[in-house]
Amino acid sequence: HRKNPEDPHKTAEPVVPLFVDRYFIHWYKADVKGKSCEDHCIPQHSNRICVTTLTESHPVLQSGKTIKSIPCQISTNCSRLQNKVSGKCKRGAQFLTELAPLCKMYCSDGEAYTVSSCVRGCSMEVIEHILHKPSILQEKPSTEGYIAVELPKFEESKNITEGLLTQKRYEEVMVKMH
């Protein structure tokens, strides 16, 4: 236990890492689809499951924007909300490529941002609570504000991080940009 800086006679509470920091390796995709600062973070669990979130540098989190809506209707025939996964083989899951759109975020200032998968695999779910409370993406982007859960194919799971940056490398890229 460390000493509390405000009262040296009291012991400070130990800092417990967040669940996502403890059990996930964080991968990053900078400038998704060539769009400056539209960076995504892809935490990957040891069981291969990946989660898509926004990075702190994403314009939606940087400029105090208000998210108006987050539709998951990708095209006339494709809605991420129609994804119905069942069974051990994950029947019914939509297959995603690295650049597959998961949803679009429309902001009150008229700007729109597309959130992409960044990994190849099956879409396990798009998190519906962000549709009803879009501000959660801005309030808790690395915990409750995640956008989707994807499961890479077993045979591709070792290669899914190709093209993604480690946290250290992403931090180095961000320092060079500023």
**Asked** Taking the side chain from Lys33 and the backbone from Leu99, do they hold a donor-acceptor pair closer than 3.5 Å?
**Response** yes
**Message:** List the residues meeting ring-ring contact (aromatic ring centres under 6.0 Å, His included) with His58, not counting sequence neighbours, and say none if there are none.
**Reply:**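 Tyr113.
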Which heavy atom of [X] sits nearest a heavy atom of [Y], and at what distance?
| X | Y | value |
| --- | --- | --- |
| Lys29 | Gly163 | NZ-O, 3.6 Å |
| Leu96 | Ser123 | CD1-CB, 3.6 Å |
| Met105 | Leu137 | SD-CD1, 3.7 Å |

**Request:** Determine whether Val60 and Ile136 fall in the same hydrophobic cluster, where Ile, Leu, Val, Met, Phe, Trp and Tyr are linked whenever their side-chain heavy atoms lie under 4.5 Å apart.
**Result:** yes
**Message:** Are Val32 and Leu164 connected into the same hydrophobic cluster when the rule is that any two of I, L, V, M, F, W, Y join if their side-chain heavy atoms are below 4.5 Å apart?
**Reply:** no
**Message:** Under 4.0 Å between a side-chain nitrogen and a carboxylate oxygen: does that hold for Glu172 and Arg169?
**Reply:** yes
To the nearest 0.5 angstrom, please state how far the [atom1] atom of [X] sits from the [atom2] atom of [Y].
| X | Y | atom1 | atom2 | result |
| --- | --- | --- | --- | --- |
| Ile70 | Ile147 | CD1 | CD1 | 7.0 Å |
| Phe24 | Gln44 | CZ | CD | 9.5 Å |
| Glu139 | Leu61 | CD | CG | 11.0 Å |
| Glu98 | Ser116 | CD | OG | 10.5 Å |
| Asp109 | Lys68 | CG | NZ | 9.5 Å |
| Glu162 | Arg120 | CD | CZ | 11.5 Å |

**Asked** Are Ile42 and Val119 close enough that some pair of their side-chain heavy atoms sits under 4.5 Å apart?
**Response** yes
**Prompt:** So do Pro59 and Glu38 actually touch side chain to side chain, heavy atoms under 4.5 Å?
**Reply:**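 Yes; the side chains approach each other to less than 4.5 Å.
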Please tabulate, for the side chains in residues 49-56, all donor-acceptor contacts under 3.5 angstrom to protein atoms that are two or more places apart in sequence or on a different chain.
{"unit_1": "Thr52", "atom_1": "OG1", "unit_2": "Glu150", "atom_2": "OE1", "d": "3.1"}
{"unit_1": "Thr52", "atom_1": "OG1", "unit_2": "Glu150", "atom_2": "OE2", "d": "2.8"}
{"unit_1": "Thr53", "atom_1": "OG1", "unit_2": "Cys41", "atom_2": "O", "d": "3.2"}
{"unit_1": "Thr55", "atom_1": "OG1", "unit_2": "Asp39", "atom_2": "O", "d": "3.3"}
{"unit_1": "Thr55", "atom_1": "OG1", "unit_2": "Ser57", "atom_2": "N", "d": "3.4"}
{"unit_1": "Thr55", "atom_1": "OG1", "unit_2": "Ser57", "atom_2": "OG", "d": "3.0"}
{"unit_1": "Thr55", "atom_1": "OG1", "unit_2": "Tyr170", "atom_2": "OH", "d": "3.4"}

